[in-house]
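What follows is a set of notes on a single structure, which appears directly below.
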Amino acid sequence: MITTLLNSGLLAQAFSELRRRTAAYPGEGFGDRLDTLQTEFKYMSDFMLQGYKDDRRAALFDDIIQRTAELDYDLQVRETLLENPYIKGAVKALGGVGQSAEALQELLQQPVTKEEHYKNISIAFMSLLTSGHWRQNHADEWAAYIASPTVSPTEAAALTAAIMLSALYHFSYNKVLCLANIYMLSRSEVVRQRAFVGCMLAISEAGVEHKTCVDALLKTIFSDEEAGKMLIEMQVQMTACANAEADGSEINKNIMPDLLRNQPYRFTKDGIVEKEEEKDCINLDADERRMEAMTEGVNKMIEMQKNGSDIFFCGFRQMKRFPFFSRLANWFMPFTFEHPDMMRDASAVAGSDFVEKVVKRGPFCDSDKYSFVIAMSGVLNQLPANVRKMMEEGQVGPLGMQDASAGAPTPSMLRLQYLQDLYRYFRLNSLGSSLPSPFAHVSRYRLWTVACGGFTDAERKSAFTCILRDASLWDEASLAQQGASAAESGGAHPAKVILDSFNDKESYAYLSCYAEYMMRLKLHSDAASAYAKCLKLKPENPTLMRGMARACYGEGEYAKAAFYFDALHTLFPKRVSYVLNYAMAMVMDGAAESVVNDMYKLEYENPDNTMVKNTLGWVLLHARKAEQALSVYEKLMGEEGAAADFHVLLNAFYANLVNGKAQHAIELLRKHCSTLDEKQRGDFPIQLANAMQEDARLLELYAIGKAEKTIILSQLAFFTL
């Protein structure tokens with residue numbers, strides 16, 4: 001909410017909301033920080049409204065906005081993480097350990113025992129998870145440290161997970177940038193895949209208010225050519241993880257009963273014995289049928305596993321209650337027999353080839369490996385001798401075991417196993433399940449949709465579209481190429497149904513319908529192409545020319561739009577609207593000066609036309625004839641009913657503002673607000689903020705930037721709040 005208000009220039013409303021939230025934490029410094037920000041902003045506002053110029057205003061304003069965002073972020077951490085009962089005690093236990101990168105890295109580099117070092121990793125993990133707002137220097141320091149070859153992959157992977165969780169719970173551009181840099185710089189594939197997953201999850205959870213930050217991050221991440229392919233694969237892997245419980249239910253209901261019923265052994269207190277007494281002497285092929293049934297069941301699970309299914313989740317979920325998992329960092333620690341919290345369990349299975357093979361070659365995520373070793377440490381020595389013998393000789397083992405000759409896990413496998421660890425954390429850990437999970441609303445293509453939205457250049461979008469097509473995602477590739485507006489349009493539009501009924505895609509009927517449909521979707525380039533083909537079939541058709549002009553204007557081809565509006569005016573010289581549209585297109589094309597005389601002539605010919613006068617003033621403002629524009633609006637505002645028109649009021653406000661009459665400009669707005677009802681008055685600052693954002697190009701001509709706009713909006717907010 002605060003980010004949205006700041007992006008809209010509604011700083012006064014942001015201060016009001018922050019005041020309400022800081023009141024819940026007296027004596028913790030939040031209120032003092034807010035007081036300082038409000039005082040500094042008031043001084044800046046007074047200085048501007050008194051007519052003084054300040055070359056440092058923009059820099060000072062940016063600093064106030066940044067510190068306001070930092071206060072909001074720190075409050076979010078306080079409200080959600082530090083107040084969470086599942087983490088409150090652990091955070092309190094950190095004591096006086098500083099959260100600065102320097103303090104934590106110094107703690108991690110101390111020459112201590114392995115047990116103390118793992119405790120220090122846990123402290124750093126909790127500190128990073130609950131850390132406040134980061135500036136870029138924090139991101140740079142942590143990226144350099146984690147990517148350093150002197151830091152062990154185990155430590156680096158755990159710290160990367162902590163930063164990911166922190167950014168996932170509260171989006172932070174610099175924390176995600178840190179993950180992006182770790183992905184680019186680290187030499188450890190384990191760490192790189194964790195950083196990539198963290199980047200994409202945090203980005204996909206970021207709201208629209210963070211779009212600018214997301215676009216910048218995507219540009220950094222997708223400078224790596226493999227990232228697009230990895231993203232699509234990651235989306236499929238996430239979907240498989242999210243279906244873990246459904247897959248487990250399928251196995252327990254429809255596969256395991258047949259396996260247990262048809263297996264040729266039974267377990268007894270003396271070990272595994274063959275079911276000799278149950279052999280069917282009449283049906284001699286019964287054994288063969290049982291073997292076929294077992295093979296079919298096993299093959300089903302193998303196929304599910306090959307397709308990415310997390311077939312072990314349900315089997316291991318109960319094993320996350322071991323004391324080992326009471327330390328949060330252990331949920332994200334790469335597996336090692338040397339983990340101090342598991343040394344006693346590891347020593348109990350020492351020398352077991354079976355346990356070592358399962359851990360080394362089994363298709364388990366790290367937390368399941370810890371669960372497996374801890375569980376086996378309690379039962380291995382209690383198993384009957386023949387059972388242990390079968391295990392050690394390799395006759396028993398989990399599905400998906402790799403061959404002894406297999407090399408290191410692939411990046412894809414590392415990513416999948418990390419996602420499985422994350423799913424277990426969010427599903428089974430008390431803290432994870434009490435906060436929003438990225439697996440809770442997995443849409444099959446959410447990640448690539450977010451990424452596609454960040455591609456602004458046609459070449460990169462086309463390259464990403466090709467990746468989707470190679471993955472046989474044809475509909476998604478089409479939407480990626482067209483853009484977000486098509487993706488957001490929902491179900492089939494009636495015009496789309498009509499279009500699909502045409503056989504001749506080059507006919508005038510089809511092309512004209514297609515052009516109008518593209519205009520509805522705001523795909524102006526496609527519409528313009530269709531209108532151009534139509535005009536070849538029916539030159540000088542007014543309806544087509546008007547559509548072409550609108551399409552060109554929407555696409556930003558203002559010179560072409562002006563050409564068609566001018567041509568329409570030639571055909572219909574008495575239509576004032578075509579002259580006005582021509583003037584607006586010329587203004588947008590940066591040629592306002594060239595239509596000043598035309599507009600004065602039109603105003604002379606239409607002395608009672610408010611729209612003509614308003615357009616004249618608009619042209620004069622863009623032609624840098626501010627005093628003449630002010631004269632036009634002073635007369636216009638005196639006419640009955642003109643001030644009630646929001647666009648006239650807005651332009652009159654601009655005319656006063658650019659002529660240095662900020663106080664009078666604000667008074668115009670306040671006078672207008674006094675005529676509105678309570679709801680309209682409350683909405684007016686947002687309406688004005690949106691209008692000023694749309695007219696940023698005009699305001700920039702007169703050096704009116706974010707600081708000045710926010711000061712004006714704050715003055716209005718004090719009147720409307």
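Since we're looking at a predicted model, the values are computed, not measured.
Salt-bridge check for Arg20 with Glu17: passed, with a basic side-chain N closer than 4.0 Å to an acidic carboxylate O. Using a 4.0 Å cut-off between a side-chain N of Lys or Arg and a carboxylate O of Asp or Glu, Arg192 and Glu189 qualify as a salt bridge. Here Lys219 does not pair with Asp215 in a salt bridge; the nearest charged N to carboxylate O distance is not below 4.0 Å. No salt bridge links Arg56 with Asp62; every basic N to acidic carboxylate O contact stays at or beyond 4.0 Å. Salt-bridge formation is not detected for the pair Arg78/Asp74: no Lys NZ or Arg NE/NH1/NH2 atom is positioned less than 4.0 Å from an Asp or Glu carboxylate oxygen.
Side chain to side chain, Ser152 and Thr154 fail the donor-acceptor criterion of an N or O pair below 3.5 Å. Checking Ser367 against Gln420 by side-chain atom types alone, no donor-acceptor pair falls below 3.5 Å. For the residue pair Ser8 and Asn690, no side-chain donor N or O sits within less than 3.5 Å of a side-chain acceptor on the partner. There is a side-chain donor-acceptor pair under 3.5 Å between Glu155 and Tyr145. Checking His133 against Asn174 by side-chain atom types alone, no donor-acceptor pair falls below 3.5 Å.
The aromatic rings of Trp331 and Tyr425 sit perpendicular, their planes meeting at an angle over 60°, well past the 30° parallel limit. Using cut-offs of 30° and 60° for the angle between ring planes, the Tyr370 and Phe335 rings count as tilted.
No side-chain heavy atom of Met1 sits less than 4.5 Å from a side-chain heavy atom of Gln13.
Within a 6.0 Å radius of CZ in Arg19, more than 12 heavy atoms belonging to other residues, nucleotides or ligands are found. Around CD of Gln66, the count of heavy atoms belonging to other residues, nucleotides or ligands within 6.0 Å exceeds 12. No more than 12 heavy-atom neighbours from other residues, nucleotides or ligands sit within 6.0 angstrom of CD on Glu102. No more than 12 heavy atoms of other residues, nucleotides or ligands shown are found within 6.0 angstrom of OH on Tyr86. In Gln50, the CD atom is crowded: over 12 heavy atoms of neighbouring residues, nucleotides or ligands sit closer than 6.0 Å. Heavy-atom contacts from other residues, nucleotides or ligands closer than 6.0 Å to NZ of Lys709 number more than 12. Within a 6.0 Å sphere centred on CZ of Arg697, other residues, nucleotides and ligands contribute more than 12 heavy atoms. The 12-atom threshold is exceeded at CZ of Phe646, counting heavy atoms of other residues, nucleotides or ligands nearer than 6.0 Å.
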Derivation of the side chain to side chain contact (heavy atoms under 4.5 Å, CB included) call for Leu201 and Met234
CA-CA 10 Å; Leu201 289 183; Met234 175 182 161; 3.8 Å; yes
Go through the steps to decide whether Phe684 and Lys679 satisfy the test side chain to side chain contact (heavy atoms under 4.5 Å, CB included), and finish with yes or no.
CA-CA 9 Å; Phe684 187 74; Lys679 184 181 184 310; over 6 Å; no
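Partner of Arg424 under the side chain to side chain donor-acceptor pair (under 3.5 Å) criterion, chosen from Asn429, Asp366, Asp368: Asp368.
Taking the six-membered ring for Trp and the full ring otherwise, Tyr73 and Phe171 have centroids separated by 6.0 Å or more. Within the 6.0 Å centre-distance limit, the rings of His339 and Tyr118 are counted as a close aromatic pair.
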